[in-house]
Enquirer: 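I have a structure I would like to understand better, so I am pasting it below and will then ask my questions one at a time.
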Amino acid sequence: MNKKKYYITTPIYYINDVPHIGHAYTTIAADIMARYKRICDYEVFFLTGTDEHGQKVEQAASKQGITPRELADRMVYGFIDLWKKLNISNTGFIRTTEERHRKVVQYIFKKVFEKGDIYLGEYEDWYCIPCESYFTEFQLKDGKCPDCLRTPDRLKEESYFFRLSDYTERLLEYLESHKDFIMPEIRYNEVTSFVRGGLRDLSVSRTSFQWGIKVPMNERHVVYVWFDALTNYLTGIGYLEDDEHFQSFWPCDVHLIGKDILRFHAVYWPCFLMSMDIEPPRHIFAHGWWTIEGQKMSKSLGNVVDPHEIVETYGVDEFRFFLFREVPFGLDGDFSKNAIVGRINGDLANDFGNLVSRTVTMVNKFLKGKIERPKKKNGIDENFEIETKKYVDEYKKSMDAFGFYKALQSCFDMISIMNRYIDSEAPWRLHRDGDERLSTVMYNLWNGLRILAVLFYPFMPEKSQKIWDAIGIKSSVDKASLEDEENFYYTEEISEITKIAPIFPRIEG
RNA sequence: GGCGGUGUAGCUCAGUUGGUCAGAGCAUGCGGCUCAUAUCCGCAGUGUCCGGGGUUCAAGUCCCUGCACCGCCA
């Protein structure tokens, strides 16, 4: 009833594009965190969705001879289907074209306007249509758009402005008193130095196209896409619609984003919220980019990785695992065939999978498939339990700080001590000698595997369940509570442990 | 041009406040076990810790400077 609440979001993805590895990365990260918080007994609201307004969508639709709405309805399934395939456990999905969202955006726009933080003015600068951005003379590269190198147009339009400049000091104070507001630290520094330079008022409406949410007091204007898009984080948990639900989850615990959209989230968004007297989110975490086989991913190079293909080739959990095992979350990384095969064979098949395999086989062979209450313990066994506890603690500490890479490292440290424990205790010898310590050793290994499966669960939910099945646990791992599972215990509530096929098969070739 | 970051074994990188800090993983070589997905365990390396100067009893670890690469901003 009074469960702790956790609210996590991904960006809403622009439907102009089909989903690629970058979209998958952010969304899987959010899913990992959401699943982790759930086994930590939180009630989690996990929101993702699609951004469906803007000039690019309008133009793409007209090119195809359909309405923007039809285009959106078609493209949104690219995301919905992929999230299903990747086992994304989101509890909310928002499309900016929904009626509930239109209401919220217009309500907020009006309220901020009435407060005096939005005013009507005129904007003139160089405008790049494909990028939907204005640039100053200085920003242009040889007179071309600095992002896409196309020729921008000189545009002058009547526009509503948000008094961002009035928020420079307040935002700086907020940053100063919330050192972990923007993560990782390097991103915090970038934002801070940007804000220190002073903020300029921000144009928050457009008249150059139609496909968007109308400015409530002036139908000729469409609300700026970012003002529209960012507001999804409020709409998605019931702002205006279900105040109780909204209040119980806000402030949002974390907005997970790619580093390219940092400024919108770390500067504009908190200021919009301040203007509304709504608390800013607790954290904004900006992650890095993936290159493909050492090269920047781009449509022109034709090396855009389709997540569907990876999943079909390597498996969902293998893919999810790789992304967070290979590179510290927050930094850039490289996706290559060699790297993922190396991780699957080295980490999953050899170290982890083989550990499961040898343990299960020994329980089956030496103990007739039954885990037994330990009869005899010594210092080595006690030490094994203490070590396990230590790694679980490290894991939790890392996970709470978005340190997925470190958390996985703790898992593999634990795998390593388990493999060494088998070697030093040599259960086959205990069995041969009829030593009753055998039950203790196998009991410890069983406990280790059971806990490992829980620790890996946020990353590899299906494989974790398979491991629980393999070691005879009848309940489902996604209902587990880490607090209950992190301790060693004995139970008779397990089914017979029998020979299994490898959970992580090696990839040959 | 301004601000910030990075440069450590063949590769990818860890290295809190200066004193077992010269490390881990992968790759390589040798040895061991046999429960296991020929998996696992143990051992062995190699390094001008980017260059130069300085502070200190003591510096990858602090200061100055040069070079290279990267990010944010103008």
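All chains are named by letter (A, B, ...) in the order of the sequence lines, taking the proteins before the strands, and each is independently numbered beginning at 1. Everything numeric in this text was worked out from a predicted model, so none of it was measured. Because only heavy atoms are used, hydrogens play no part in the values below, and waters and symmetry mates are left out as well, while side chains stay in.
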Enquirer: Sugar-phosphate atoms are those with a prime plus P, OP1 and OP2; base atoms are the rest. Using that split, label each nucleotide of nucleotides 21-26 of chain B B, S or - for protein heavy atoms under 4.0 Å, 5' to 3'.
Expert: ------

Enquirer: OP1 or OP2 of rU39(B) less than 4.0 angstrom from a side-chain nitrogen or oxygen of R506(A), does that happen here?
Expert: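 Yes, within the criterion.
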
Enquirer: Using atom CZ of R429(A) as one end and atom P of rG32(B) as the other, report the distance to the nearest whole Å.
Expert: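 Going from R429(A) (CZ) to rG32(B) (P), I get 15 Å.
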
Enquirer: Does rA36(B) have OP1 or OP2 sitting under 4.0 Å from an N or O in the side chain of K365(A)?
Expert: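 Result: yes.
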
Enquirer: For the NZ atom on K37(A), are there more than 12 heavy atoms of other groups (residues, nucleotides or ligands in this structure) within a distance under 6.0 Å?
Expert: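 Count over threshold, so yes.
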
Enquirer: Does a side-chain N or O of R196(A) approach OP1 or OP2 of rG2(B) to a distance below 4.0 Å, or not?
Expert: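 No, because none of the side-chain N or O atoms of R196(A) sits under 4.0 Å from OP1 or OP2 of rG2(B).
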
Enquirer: Applying ring pair (Phe, Tyr, Trp, His ring centres under 6.0 Å) as the test, list every pair that has at least one member in residues 345-375 of chain A; sequence neighbours left out.
Expert: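 Ring pair (Phe, Tyr, Trp, His ring centres under 6.0 Å) check on residues 345-375 of chain A returns F352(A)-F456(A), F352(A)-F504(A), F366(A)-H431(A).
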
Enquirer: Would R506(A) and N350(A) count as having a side-chain donor-acceptor pair, cut-off 3.5 Å?
Expert: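 On atom types as modelled, these side chains qualify, holding a pair under 3.5 Å.
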
Enquirer: Which part of the nucleic acid, if any, lies within contact of G353(A), taking any heavy atom under 4.0 Å across all strands shown: a base, the sugar-phosphate backbone alone, or nothing?
Expert: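 Base, at least one base atom sits under 4.0 Å.
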
Enquirer: Suppose we define a pair by two distances each less than 3.5 Å, Watson-Crick or G-U wobble; what does rC11(B) pair with here?
Expert: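 rC11(B) is paired, partner rG25(B).
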
Enquirer: Any donor and acceptor pair, going by atom type alone, linking the side chain of D51(A) with main-chain N or O of I12(A) inside 3.5 Å?
Expert: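 Such a contact is absent between D51(A) side chain and I12(A) backbone.
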
Enquirer: Using OP1 and OP2 only, check whether a side-chain N or O of K259(A) sits under 4.0 Å from rG5(B).
Expert: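 Answer is no, no contact under 4.0 Å.
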
Enquirer: How close or far is atom C1' of rU39(B) from atom CG of D423(A), stated in whole angstroms?
Expert: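 Taking atom C1' of rU39(B) as the reference, CG of D423(A) is at 11 Å.
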
